[in-house]
Protein chains: 2
Amino acid sequence: MARERKFTNPELFKATKLLLIGDGYDSFTFSKLASMMEVSRGSIYKYYENKDELISAFLVYEMNRFLQDFNELDKSGDFKTQLFLVIDFIFSHSEIHQILEIINQIPKKSNNPYLSNQTRLKTYYVEMYKQFQIIIEQGKKEKVIKNHLSNAIILGMIFQTIAIPNHFGIPQDQWIASIKEILSEGMFTKD
Amino acid sequence: MARERKFTNPELFKATKLLLIGDGYDSFTFSKLASMMEVSRGSIYKYYENKDELISAFLVYEMNRFLQDFNELDKSGDFKTQLFLVIDFIFSHSEIHQILEIINQIPKKSNNPYLSNQTRLKTYYVEMYKQFQIIIEQGKKEKVIKNHLSNAIILGMIFQTIAIPNHFGIPQDQWIASIKEILSEGMFTKD
DNA sequence: TAAGATAATGACACTTGTGTCACTTTGAAT
DNA sequence: ATTCAAAGTGACACAAGTGTCATTATCTTA
């Protein structure tokens, strides 16, 4: 017994993603979003009180999907296969790097009373880290990964590499192959 | 036969750097800068037409200093020593990563007639790349660096690593040592 | 087909930043 | 001491984003 909605939440998030990845957090405005959705700006306020609330909800949505996809990865196979599978996975979800950066750009306000999206985001973050830690620990146990390297640096290196700008347009598969090689064996020749 | 200035250019750039590195390009405003310098906003307009012009000038200034410092590095010693010297250097100038990112955030306008700061910035960028390329090429000639890895990816890996967030507060020297090790020998144990 | 619940709209008041400029202040040179 | 060029100021008009809300539109169901 009500009017039909002109847009769904997933549609909203799709447009949000485009704007966020294209222009970044600061340039994101309800005006742009509304005109992209061909909807009045006021209507968005019916569902989200402001920019930060919408973006938080969007990030939760994205992280959720990311973790879900990650959990569906094939967990069989030896460690090396699994590590490379994970690297491929991260590359095929390369927006995750920008998304994680946006999380830190949302100003922390002490407004929401109970479990706000902000807190939930942190939970997801920790959850993601745990998942990766498990794999790394396994690698160390199997003595494939050097034991004296901290998990933090290994995780950091893997995540950071997806953000390396490919200025010279090297083909994606060659690019990824090189990264895998450097991460595992380094850039030096064997002596 | 004129009044004394309340602030010098280097002072202006110092404050600019603080604001840019702290809050990023988008949040940078003349208001904040003026209040940080304890000067009226209008006075800054005496020297720079707008935010973009000031930031361009600042970036030129910073890149200049960076390249100058870089050129003063000890160029003797074998390749490995030199590479590690460069990595140490980049880490001790870790703001360079954020500065390079800001360059891409300045909107490109077709206003300035001749050699604008924007073009000069590109020149510096290319210049910097050349300097590093030379070292890498030498490494390849000396057969220390694997020949089949593209310079782009080697440079990218080195630069990107300085931006890895050290969430767990691992001591700087241990952190850098790990990065050097991974970059050169990888994270896998020798089989 | 009329009711009424919900969706959407657009105008309003407010905030923050921008760029300009007539005016005031300052201090070195005469 | 006076002059005056350059430095500095703050008010003004404008632009763009924000959040609100009375009003209008649309769809379902009874």
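The structure presented is a predicted model; accordingly, all values stated were derived computationally and were not measured. Scope of the values below: all heavy atoms of this structure, side chains included, with no hydrogens, waters or symmetry mates. Here is the naming used below: chain letters follow the sequence lines, and residue numbers restart at 1 for every chain.
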Inset, instruction - Examine C/dA8: is either OP1 or OP2 under 4.0 Å from a nitrogen or oxygen in the side chain of A/Ser43? Give yes or no. - result: no
Inset, instruction - Ignoring backbone atoms, establish whether A/Lys6 has a side-chain N or O less than 4.0 Å from OP1 or OP2 of C/dT9. - result: yes
Inset, instruction - Ignoring hydrogens and angles, tell me if any N or O in the side chain of B/Thr81 forms a donor-acceptor pair with the backbone of B/Gly77 under 3.5 Å. - result: no
Legend entry - Ionic contact status for A/Glu185 with B/Lys146, cut-off 4.0 Å: no
Inset, instruction - Please collect all salt bridge (Lys or Arg N to Asp or Glu O under 4.0 Å) contacts where either partner lies in residues 126-145 of chain A, sequence neighbours excluded, each pair once. - result: none
Legend entry - Whole-Å distance separating the CZ atom of B/Arg5 from the C1' atom of D/dA7: 9 Å
Inset, instruction - Scan B/Thr29 against the nucleic acid and name what it touches under 4.0 Å (heavy atoms): base, sugar-phosphate only, or nothing. - result: sugar-phosphate
Legend entry - Whole angstrom value for the distance that separates P of D/dT18 from CG of A/Leu33: 10 Å
Inset, instruction - Look at the side chain of B/Asn64 and the backbone N and O of B/Val60, then say whether any donor-acceptor pair between them is shorter than 3.5 Å. - result: no
Inset, instruction - Return the value, rounded to whole Å, for the distance between atom CG of A/Asp26 and atom P of D/dT18. - result: 11 Å
Inset, instruction - Using only heavy-atom distances, decide whether a donor-acceptor pair under 3.5 angstrom links the side-chain of B/Lys46 to the base of D/dA6. - result: no
Legend entry - Side chain A/Glu11, main chain A/Thr8, donor-acceptor under 3.5 Å: yes
Inset, instruction - Return the 5'-most residue of the pair A/Lys51, B/Phe7 with respect to DNA chain D, ranking by each residue's nearest nucleotide. - result: B/Phe7
Inset, instruction - Look at the side chain of B/Arg41 and the base of D/dG8, then say whether one donor and one acceptor between them are separated by less than 3.5 Å. - result: no
Legend entry - Closest nucleotide among C/dT9, C/dG17, D/dT9 to the B/Ser31 side chain: C/dG17
Legend entry - Expected output: side-chain B/Asp23 to main-chain B/Ser27 donor-acceptor under 3.5 Å: no
Legend entry - B/Lys6 (side chain) donor-acceptor with B/Ser43 (main chain) under 3.5 angstrom: no
Legend entry - Bending between helix ends of the helix from C/dT1-D/dA30 to C/dT30-D/dA1 [5 pairs per end, 10° resolution]: 10°
Inset, instruction - Just call it for A/Tyr48: base, sugar-phosphate, or nothing, with non-hydrogen atoms closer than 4.0 Å on any strand. - result: nothing
Inset, instruction - Let me know the distance between NZ of A/Lys32 and C1' of D/dG17, rounded to the nearest Å. - result: 11 Å
Legend entry - d(CD, B/Glu4; C1', D/dA5) in whole Å: 15 Å
Legend entry - Exam field: side chain A/Ser92 to backbone A/Phe89, donor-acceptor pair closer than 3.5 Å: yes
Legend entry - Interatomic distance where CZ belongs to B/Phe30 and C1' belongs to C/dT20 [whole Å]: 13 Å
Inset, instruction - Please report, rounded to the nearest Å, how far the C1' atom of D/dT18 is from the CD atom of A/Glu53. - result: 15 Å
Inset, instruction - Could you pick out which residue, A/Ser40 or B/Tyr45, lies toward the 5' side of DNA chain C when each is mapped onto its nearest nucleotide? - result: A/Ser40
Legend entry - Interatomic distance where CE belongs to B/Met37 and C1' belongs to D/dT9 [whole Å]: 15 Å
Inset, instruction - May I ask you to verify whether the side chain of A/Arg3 and the base of D/dA25 hold a donor-acceptor pair under 3.5 Å? - result: yes
Legend entry - Distance below 4.0 Å between B/Tyr47 side-chain N/O and D/dG8 OP1 or OP2: yes
